[in-house]
Amino acid sequence: MTTVNTKLNRRSFLKVSALAGGGMVLSFSWLAGCKPSPEETLGMPKEWFELNSYIKIGENGAVTLFSPNPEFGSNVKTSMPMILAEELGVNWKQVIVEQADFFPERFDRQFTGGSQGIRQGWIPLRTAGATARAMLIAAAAQTWKVDPKEISTENGHLEHKASGKKVQYGQVASLAATLEVPEEVKLKDIQNFTIIGTSKKNVDGKKIVTGQPMYAIDHKVEGMKYAAIVHPPAFGMRIKSFEKSSLMGMPGIQDVFTIKLFKEGYERNFFDTTTFPEVIAIVGNSTWEVLQAKKAFQAEWENAPESKFTMDAFGNKIPVTVPAGLENTSDHKAKMAEYIQKSGNILRRDGDPEAAFQKAAKVIERTYNAPFLAHNTMEPINCFADVKSDKAVIYGPTQAPEFIMNTLAQALDLPKENIQINLARMGGGFGRRAYSHHMVEAALISQKIQAPVKMVYTREDDMGYGIYRPTYSATYRAALDENNQLVAFHVKAGGIPETPIHPNRFPAGAIDHYLAESWEIPSNITIGAFRAPRSNFIAGAEQSFLDELAEEMGKDPIEFRLELLKRAQTNPVGENNDYDPKRYAGVLELVREKSKWSNPPAGVHRGVSAYFCHNSYVAEVLDLKMEGSTPKVENVYAAVDCGIVVNPDAAANMGEGAIVDGIGNAFFGELAFENGKPTKRNFDQYRMIRQQEAPKNIQVHFVDSTEDPTGLGEPLFPPVFAAVANALYKATGKRLYDQPFQPKLEEMSNLLR
Amino acid sequence: MAIFNLTINGKSKQVDVDPNTPMLWVLRDHLDLVGTKFGCGIAQCGACTIHLDGTAVRSCSLPVSSAEGAEITTIEGLSENGDHPLQEAWIEHDVPQCGYCQAGQIMTAAALLNDNPKPSDEEIENALNGNICRCGTYLRIKAAVKTAAQKL
Ligand code: FES
Ligand code: FES
């Protein structure tokens, strides 16, 4: 049993009697499961008693659990309350889940991203549940005048076996809520878990399938106006002037004006985008009317000069320069090809790689490239805001309310305490909504028109706004000796505008002579976190290269990786290798077994790939079949080591989604630029993976583990790219080095014709 | 602006809007039926799928003027208590991730099952190919359609 000090999470025990309560809606867990009997479902209580930030209990035994983090589809709204319920010791069917508003005084880290929600919430949530349980026990002990140690709990009941006394939690909740928070509490033993590790249905499932309002885009209040925005058509451009009067005569149009996101002298933070600091707002009575005016809108744009400012990146002041100019993909490619030839910044160096390459009997060198990608969340960027002279309510899709609070405060000229951010369920995030400029835009519009407003981006606005996954390039070299053994390894990788390298990850640590170098090319095209940033490219490059290397050395690709991992485990090279070779090997072994690696079904072409990121290990085997000249993904087997899995079926769902996402982006994902303009603005141009291209079958296998949970939303994504590439090689006999693969495949099949 | 008389989920509704207004925005802004979602506005993603006389249509590309006189069904009206076999199968398979595309997926699937109560895998894939799920829940969608078809 682990004992934790509750002081560490003191903030969770702050009680604020009235919650601000924005767009919050209750979610009954039993609506989303197999239907419980009527006795099991409790009605609403007459009164709620708050035990801490996360938990309130009604006199009738109903339990409300607050889910602190924003929900963008990773199902934290179900899994986080499951952790609370486990330690609290209640019946899941009697739980009501409520989405917490952004409330930093009550909750730690209300952030969804980096696959850290469950990992970092694990101990605080368990502690909150266990503390509330301890307070209920103390209340019962006080009432019954018995030793708390003699009281046991089960399914929302307290029992004193010796005297035969038994009550449900609600009966002592009012007293418990007045008691001191204990200094220390004991957490449950893992083997006694009854909720964690069992599959629970999405608490919002019923609402989703019946179309209930839940997303910010669904929000509406009395007197609300609608707004569209117009941003410059190209990166490197800004507004010169625009024609307002003709729009003002259009039906339902109320006003057209520019908004500036940053006041003079405001120091931007890491999550303030620099894309378009000034945009035009069109406000009116309905979405359709403002969209009509947007179509008719005419402006003159001009080239923006270079701009310089200091950015506050988590306390570090970084000078930022946004270059001038209208960029083209063809120039990007030419520049990247130049950088490949130059030496880069050395990030890690083991042994004497230069000498080893000089002495090598054979050197293999390959370069891998991938384009910019747009997130394309299904729900376009939008936000509701109601800004009054002294306070503001913002209800919108954000992964990171904390990071936009200062920006809002400066833009609105309001103290932070007077700004309430309420967290809407999001129609996807993938990193895009860590950048909440839309909240500032909606808020400024509301402030200007002095009315509540809902601002909606069109798909074209959304896809053209930036914050993309960067374009990357990685060059790998391997030196083999006369016995065809690997002696040195060199990776040099960069991108526009950031490098994808993680220098201390595998295969660093497994090879005597190792060199990692990086380079970066500045750009005014903005980038941002995209599901497994950097890993989402470098994994594909590295794991494709290892596949080619294994073949060159005449080794089975899984065996080859295991040999390297053995070396890293028994006799590691260098310092700071930031992976555990044993757990890494574990997922490769598991996927080998589950996919029956050496015994593939007839007619399929297999590729394997593995990667470690967000503290989790994943290996994948992917089977392709050729239908004529078209590859079809048949099966994907994934083995995942992410520690304890809280909600296994939902975890598998997310894993399946990451695999489908990876396949889609490997084949089709691409954004290009002409004179600063994105060449794709909607789904008729930007190809997304669809039902017919999805694999026939996906199996996600979790390593049985008692380790604390680690990341899950991202780690299954990066390895997919190489699993696809390696299987395509088996199917076509050709190695593909440039993503997306589809255009090359079409070219190849034309040649065959 | 003009007055339109619509039949939505079995009820008569009247709206006063520009005749070119797509049904999507009539539903969402004027009738407060927000289950029908905006995804692309150009009939490419399927998030806005509704039924027009039982056929799946993209409401973002259907002007209100051509919807008069037809029976319109939205996700809110697919069943009385959210118990259409597809809705139940969706919960059984715990299909949604973000959930944003799912109303459109269900409406497309419902129209398919109306026409073809026992579709093959390939028929399901074809029918649902116009509905993008950015979260990649395609396998569960297909499995849920099959479960629902068995119960019909
Ligand atoms: S919004 Fe209608 S198909 Fe995308
Ligand atoms: S569940 Fe998110 S788009 Fe389908």
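The structure presented is a predicted model; accordingly, all values stated were derived computationally and were not measured. Numbered from 1 within each chain, the chains take letters A, B, ... in sequence-line order.
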Ion pair A/K200/B/D94, N-O distance below 4.0 Å:
no
Are B/V34 and A/Y215 packed together at the side-chain level, in the sense that at least one heavy-atom pair is separated by less than 4.5 angstrom?
no
A/Q691 and its side-chain contact (heavy atoms from CB on, under 4.5 Å) partner, picked from B/T108, B/I141, B/N131:
B/I141
Between B/R134 (side chain only) and A/M688 (backbone N and O only), is there a donor and an acceptor less than 3.5 Å apart?
no
Ionic contact status for B/K37 with A/E379, cut-off 4.0 Å:
no
Main-chain N/O of B/G39 paired with A/R459 side-chain donor or acceptor, under 3.5 Å
yes
Using only heavy-atom distances, determine whether the side chains of A/D684 and B/Q44 contain a donor-acceptor pair under 3.5 Å.
no
Just checking heavy atoms, which of residues 657-668 of chain A are less than 4.5 Å from chain B?
A/G657, A/V660, A/D661
pair B/Q97-A/N653: side-chain heavy atoms closer than 4.5 Å:
yes
Within a strict 4.5 Å, meaning less than it, do heavy atoms of the A/T210 and B/E76 side chains meet?
no
Quick one: pull up NE2 in B/H93 and NZ in A/K201 and give me the separation to the nearest 0.5 Å.
8.5 Å
Can you say whether B/N126 sits under 4.5 Å from chain A via the side chain, the backbone, both, or neither, judging by heavy atoms?
both
Among side-chain atoms of B/D29 and A/S286, is any donor-acceptor pair under 3.5 angstrom?
no
Can you tell whether the side chains of A/D649 and B/R140 come within less than 4.0 Å, N to carboxylate O?
yes
